[in-house]
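Computed from heavy atoms alone, side chains included, the values below leave out hydrogens, waters and symmetry copies. Indexing begins at 1, ligand by ligand and atom by atom, following the structure's order.
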Amino acid sequence: MNTFGYFDDTNREFVINNPATPFPWINYLGNEDFFGLISNTAGGYAFYKDAKFRRITRYQYNDVPMDNGGRYFYINDDGTVWNPGWKPCKTPLDSYECRHGLNYTRITGVKNGIKASVLFFVPLNTWAEVQKLTIENTTGKKKSIKLFTYTEWCLWNAATDMENFQRNLSTGEVEIEGGTIYHKTEYKERRNHYAFYAVTNTDVNGYDTDRETFVGLYNELSQPQCVMNGKSTNSLAHGWSPIASHYFEITLEPGEKRDLIFLLGYVENDHNEKFSTEDIRRKRNGEIISSQNSDVTLVNKEKAHKMINRFSNVKAVDDAFTELKSMWDKLLSVFVVNSGDERLDRMVNIWNQYQCMITFNFSRSASFFESGVGRGMGFRDSNQDLVGFVHQIPARARQRIIDIASTQFPDGGCYHQYQPLTKRGNNDIGGGFNDDPCWLIFGTVAYIKESGDLSILNEMVPFDNQPGSEVTLMEHLKISFDHVVNNLGPHKLPLIGRADWNDCLNLNCFSWDPNESFQTTENKSEGSKAESIMIAGLFVFCGKQYVELCKHINNFEEADRAQLYIDNMIDAVKQFGWDGEWFLRAYDFFGNKIGTKENDEGKIFIESQGFCTMAGIGLEDGMVDSALDACKRHLDTPHGMVLNNPAFTKYYVEMGEISSYPAGYKENAGIFCHNNPWVIIGETVARRGNDAWSHYTKICPAWIQDQLLHKVEPYVYCQMVAGKDAAKPGEGKNSWLTGTAAWNWLAITQYILGIKPTFDGLEIDPCIPSSMREYKIRRVYQNAIFDISVKNPNGRQSGIKQITVDGTPVTGNIIKAEPGHHLVEVLM
Ligand code: BGC
Ligand code: NOJ
């Protein structure tokens, strides 16, 4: 029913077999510095490190038609013009397939006996995207075709590129050297970087670098005039919109196959090595063509030449591709489940892990819903994202923690976001989100439990990146903890500040002006009584981890001090944060309750249920079970749990942005997938494996049946699925960049399957559906490799009868990371 593709688990690919997907279904290329977004029709763009400040190619967001701009190959076969990825021409293909794999995409189209297949990927440690086009004549006759490439340059700053036309339309500059087109706008002045698009293994028959000449001012990308005329014009861009297009006349014998290699690259040169004097001579004899008459600004091409030479033959490309695949083999070998349920296995072994790596790299910056210009790296987001991949590359998590902590202030508060290129806090958004500091504890503890590396606590880390202000990371954790303690309200619950995890619950904002942003407008905090029960739960949850850490490093005094505050917080929640059947959400500016049955709308919210149950607050008094039952009664739907219920139908100025969204969307009763795993984990605290599982499968991509309704990529989590009050419940939006990935990874691996890193070893504590009778897990942990086999012959949901390691029974349920390979048998 309504499918556009399927999983190929053996190759770790999602295969799309109809190009007209309900929304562009994208993938990510690159995993360190050079990145690309690519849709199933080859739309998207490339950037270096920062999608705002170093945008390499241009893409039109939210355009008509959808998904405009990318890396296009046009084939003119005797007047029939088509693209292997269907778009932009949309000429019906005889066959089409897009395979999204791990950091690569392969798109294949067949038309009139010509088969064209393009493999896109970014080789490891390389600042370039490789495009390997394989073109084959499958007919019995000789064929002559004309091939054009097309990509449009972005003038570096993706924000001004979209608005400052009085400047932009005059600045574009290029250079051409054989089959390489250089984009060098602003290079002659302050920039020390340029980009290039090269064909590395074939001569060109022509090129174009001016968009208007290539496409035609009133043409669409589906009918570029050069392609339609079957000839390039060798146009030279002077301002306006520079592009890069190669032209080839190709004749293929019957059955003949050819590989063409393209490289879209980025180069930085030292300021004193920016220009080439040698090229002045080459320009004079016509080897180089430049937008500028002046000779002194010819780009130093040495680094580009190196890259081009490196990828000038198919073997080098294939080797680089094998290297990328081996990297993923290695990353995915750290945690492997074999459960007998292919949906669970493909999520855990492939797609959930892959998405975690993508969110780690991109935070919330660049997707088909995040324009790459709006947001940098979130303080809370990055701390949460890192728990999703710390088992794969602990060293990168370590660096990320230091970067994040460096944007903190001496009082424990912090910048809400920072820019990846500069690593500096973002002044536009500032700070004051009172949940932020807790997440640093969360991220750091997860790192230490995985790696065992306590040395990170002694790293000297500055405040607000100011040299000279450094204190140890441990001190940063302490002030993070104390930031909550020092900002309590009248009920001894945490003051919410600008907002807590829910950016849209703006209790001190009182905005009536549509021209101001809820996120940044000046808050009325004088005299505010706005307190957050979500932060209270978060504080207890992370605070317990902080206490554990203090004990682990023998700082018992600090552990005792902290424990006291945690106990007080638990008391405050029980006394002032309980509504009888579930946890309240907050108190507003005036001290009125939010998330109570006394209200008409927004009687119950998911965040405080999730965090207070995860923290086990009131477990012994039945509060946890009762709150979880309330979630099932009021929030659950076939597509997951909504954020609040009933949805807000009018604007409440005292609550802010949350009530600005139409009912059923986003933070107003959308299924905000990020917080579903909090309740799932809460269910495991209550030892209710069947309920945890039911919630897990409802939002899990591998369980999606109706790909048309779901709309966005069925292989990754999305931030939001329309809730029960929406026009089309079940319709997904904002796929890819969401904390949902990391949290579901935690929920399934640590809390349901129950393999949990601790300071002392791996804890084994399954909380599974009673129908799950056995599963196996390979877990590489520090110096140990564990092959764990869990048996549940009596269909229990939790509880362990016996664990043996290499045949010897162990007491308790923690297995030590002794070096070597161990067989672990678990009987429930
Ligand atoms: C979105 C939030 C987001 C916030 C800050 C809101 O409109 O709904 O999800 O975190 O803006 O950009
Ligand atoms: C998305 C933001 O990135 C995240 O920080 C926030 O917690 C959620 N939206 C909920 O508002």
Side-chain angles (χ1 to χ4, degrees), residues 51 355-356 358-367 369-388 404 407 414-420 425-426 428-440 442-443 496-507 509 517-520 532 534-535 537-538 541-542 585-586 594 602 605-608 610-611 640-644 648 655-661 665-679 717-721 723 732-744:
Q355 188 178 2
C356 284
I358 301 297
T359 45
F360 162 68
N361 278 326
F362 292 84
S363 191
R364 305 295 172 268
S365 73
S367 73
F369 292 87
E370 302 277 10
S371 62
V373 299
R375 292 202 258 172
M377 314 287 284
F379 191 98
R380 73 159 86 93
D381 296 331
S382 294
N383 274 302
Q384 292 170 78
D385 292 343
L386 75 81
V387 306
I404 297 170
T407 66
C414 50
Y415 282 104
H416 194 47
Q417 291 167 12
Y418 71 97
Q419 278 313 124
N426 185 336
D428 297 342
I429 178 121
F433 294 76
N434 281 353
D435 63 313
D436 272 336
C438 286
W439 298 109
L440 185 64
F442 178 73
I496 197 166
R498 212 170 249 296
D500 60 21
W501 171 86
N502 189 334
D503 285 322
C504 301
L505 189 64
N506 316 119
L507 304 181
C509 184
S517 144
F518 286 102
Q519 310 294 321
T520 56
S532 162
M534 183 265 159
I535 302 183
L538 174 68
F541 182 73
C542 297
R585 176 61 176 86
I594 294 182
F605 282 72
I606 199 169
E607 303 100 319
S608 45
F611 263 98
M641 286 172 279
V642 297
L643 191 145
N644 55 298
F648 297 110
M655 289 202 230
E657 185 171 358
I658 189 168
S659 57
S660 73
Y661 280 113
Y665 295 95
K666 295 283 290 180
E667 280 91 340
N668 183 15
I671 298 160
F672 213 93
C673 300
H674 187 145
N675 45 44
N676 275 236
W678 300 344
V679 174
Y717 287 102
C718 47
Q719 182 208 53
M720 193 230 17
V721 173
K733 279 192 192 134
N734 205 354
S735 48
W736 282 100
L737 304 183
T738 162
T740 312
W743 274 102
N744 273 302

Quiz item: Just checking, any donor-acceptor pair under 3.5 angstrom between side chains of Gln384 and His674?
Solution: yes
Quiz item: Are a donor atom and an acceptor atom from the side chains of Asp436 and His416 found within less than 3.5 Å of each other?
Solution: yes
Could you tell me which atoms of ligand 2, counted from 1 in the order shown, lie closer than 4.0 angstrom to a heavy atom of [X]?
X	answer
Trp501	6 (C), 7 (O), 8 (C), 10 (C), 11 (O)
Glu667	9 (N), 10 (C), 11 (O)
Arg380	4 (C), 5 (O), 6 (C), 7 (O)
Gln719	1 (C), 9 (N)

Quiz item: Can you check whether Asp381 has an N/O within less than 3.5 Å of an N/O in ligand 2?
Solution: yes
Quiz item: Hey, are Arg585 and Asp500 close enough for a salt bridge, meaning a charged N less than 4.0 Å from a carboxylate O?
Solution: yes
Practice problem: State plainly whether the residues Arg364 and Asp385 are in salt-bridge range, i.e. N to O under 4.0 Å. | Solution: yes
Quiz item: Which word best sums up how the rings of Trp743 and Trp439 line up, parallel for under 30°, tilted for 30 to 60°, or perpendicular for over 60°?
Solution: perpendicular
Practice problem: Please work out whether any backbone atom (N, CA, C, O) or any side-chain heavy atom from C-beta onward of His674 is under 4.0 Å from ligand 2, and answer side chain, backbone, both or neither. | Solution: neither
